[in-house]
Amino acid sequence: MALIFLATVAVPAGATVAAPGGRLDTLPQGQYRCALPGDAAGAAWIPLEDRNFTIGNGSTYRTHQGSGTYLLTGTQVTFTRGPMKGLKFERTGSGTLRWIDDNGEPGRVRCVRSGFAR
């Protein structure tokens, strides 16, 4: 009983406890365009039209294949439902994401917010 009392006293009223992995948040709404970096001999970016998505209200997104949800904790974005389920990104700026591969390593794909949702 004393432990329960201490647990309730230890966190002041109105304080927020961080979720595992960081603070819960949402991405800025709008269209995100994804691309691979190019090289000096050609285009600066190689667009990946099939990876583009639009962030909507309440942790939702949509692609040309359908819609789903995502979870943003700290800088980690995980798509939890829908056509992008299982994909992970690191938030590297207010409107910039970098793909994280299956081994947890940063990939080459970047997705950048390019405009408002339509």
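Both backbone and side-chain heavy atoms feed into the values below; hydrogens, waters and symmetry mates do not. Each residue takes its place number in the sequence, starting with 1. Just so we're clear, the structure is a prediction, and the values are computed from it rather than from any experiment.
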Atom [atom1] of [X] and atom [atom2] of [Y]: how far apart are they, to the nearest 0.5 Å?
X	Y	atom1	atom2	result
H64	N52	NE2	CG	9.0 Å
Q31	R113	CD	CZ	9.5 Å
L24	L72	CG	CG	8.0 Å
R62	T54	CZ	OG1	4.5 Å
R51	R110	CZ	CZ	13.0 Å

Option from V109, I46, V112 for which side-chain contact (heavy atoms from CB on, under 4.5 Å) with C34 holds = V109
inquiry  = Tell me which one of L27, T26, V77 satisfies side-chain contact (heavy atoms from CB on, under 4.5 Å) with I55.
reply    = L27
query = Would you say the side chains of N57 and Q29 form a donor-acceptor pair under 3.5 Å?
reply = yes
Minimum heavy-atom distance between F79 and M84, given as atom pair plus value = CB-O, 3.2 Å
task = Kindly give the heavy-atom pair with the smallest separation between P47 and A35, and that separation in Å.
result = CA-CB, 4.0 Å
task = Indicate, with yes or no, if the rings of Y61 and Y32 have centres closer together than 6.0 Å.
result = no
inquiry  = With a 6.0 Å cut-off (strictly less than), is the heavy-atom count around CG of D39, excluding the residue itself, greater than 12?
reply    = yes
Distance-only check: which donor-acceptor pairs under 3.5 Å involve side-chain atoms of residues 92-101, not counting sequence neighbours?
residue, atom, partner, partner atom, Å
T92, OG1, T96, O, 3.4
R98, NE, G107, O, 2.9
D101, OD1, N103, N, 2.8
D101, OD1, G104, N, 3.1
D101, OD1, E105, N, 2.9

query = Quick one: side chain to side chain contact (heavy atoms under 4.5 Å, CB included) partners of R81, sequence neighbours excluded?
reply = T69
